[in-house]
Amino acid sequence: MEVKKPKNIDEYIGTFPNDVQEILEKIRATIQKAAPDAKEKISYSMPAFEQNGIVVYFAAFKNHIGLYALPSGHEAFSEELSKYKSGKGSVQFPLKDPMPYDLITKIVKFRVKENLEKPKKK
């Protein structure tokens, strides 16, 4: 059975139960506010925001929301992220806990600044 890949973030969010959709929409709005010039896209079948390169990806799973701010975004906030399950470039925010929207804002702003400081892609 082939899984249909979402064409945009609205389509992606629409595939989840209402309670998860609310969280995803709030994360999306949090990222939009922190990176108002970033463009939305679907990459690797996940919502992503791009501004001179990928800023962050996010995705919903059965028990958590994954945030992917590439290794640098996670390294910069390793202390604040230490209470969450994480990998080199990912962190899992459990759905049963309040989402750390303020931390997401800080990570996104850090990643935008980092992307804007690197040379523009040709």
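Residue numbers run from 1 in the order of the sequence given. Computed from a predicted structure; not experimentally measured.
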Donor-acceptor pairs under 3.5 angstrom involving side-chain atoms of residues 92-103: please list them, not counting sequence neighbours.
none

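- Once rounded to the nearest 0.5 Å, the distance linking OG1 of T30 with CD1 of I23 reads 11.5 Å.
- Of all the heavy atoms in R111 and A69, the pair that sits closest is CD-O, 3.2 Å.
- Take S45 and apply the side-chain contact (heavy atoms from CB on, under 4.5 Å) test, not counting sequence neighbours, and it matches K5.
- Residues that satisfy the side-chain contact (heavy atoms from CB on, under 4.5 Å) test with A48, not counting sequence neighbours, are K41, S43, I54, Y57.
- Side chains of Y68 and M46 form a contact here, defined as non-hydrogen atoms less than 4.5 Å apart.
- The CD1 atom of I65 lies 12.5 Å from the OH atom of Y84; values are rounded to the nearest 0.5 Å.
- Not a single salt bridge (charged side-chain N to carboxylate O under 4.0 Å, His left out) links E75 to another residue, sequence neighbours left out.
- Across G53 and K118, no two heavy atoms sit closer than the pair CA-NZ, 4.3 Å.
- Within the model, atoms CD1 of I104 and CD1 of I31 stand 6.5 Å from one another, a figure rounded to the nearest 0.5 Å.
- Separation of atoms CG (L24) and OG1 (T15) is listed at 8.0 Å; rounding is to 0.5 Å.
- Among residues two or more places apart in sequence or in another chain, the ring pair (Phe, Tyr, Trp, His ring centres under 6.0 Å) test is passed with H74 by none.
- A perpendicular orientation is assigned to the rings of F77 and F110, their planes being inclined by more than 60° (bins at 30° and 60°).
- Interatomic distance, S72 OG to N115 CG, rounded to the nearest 0.5 Å: 8.0 Å.
- For residues 16-39, every residue pair satisfying the salt bridge (Lys or Arg N to Asp or Glu O under 4.0 Å) rule, not counting sequence neighbours, is listed here: D10-R28, E25-R28, R28-E40.
- Annotation: ring pair (Phe, Tyr, Trp, His ring centres under 6.0 Å) contacts of Y12 (sequence neighbours excluded): F16.
- Pairs engaging residues 78-91 under the salt bridge (Lys or Arg N to Asp or Glu O under 4.0 Å) rule: E80-K106 [sequence neighbours left out].
- Remark: K113 engages E117 in a salt bridge (charged side-chain N to carboxylate O under 4.0 Å, His left out) (not counting sequence neighbours).
- Here the side chains of V55 and E50 are not in contact, with every heavy-atom distance at 4.5 Å or above.
- Taking the side-chain contact (heavy atoms from CB on, under 4.5 Å) definition, one finds that S86 meets it with V91, sequence neighbours left out.
- Identified under the salt bridge (Lys or Arg N to Asp or Glu O under 4.0 Å) test for residues 64-73, with sequence neighbours left out: none.
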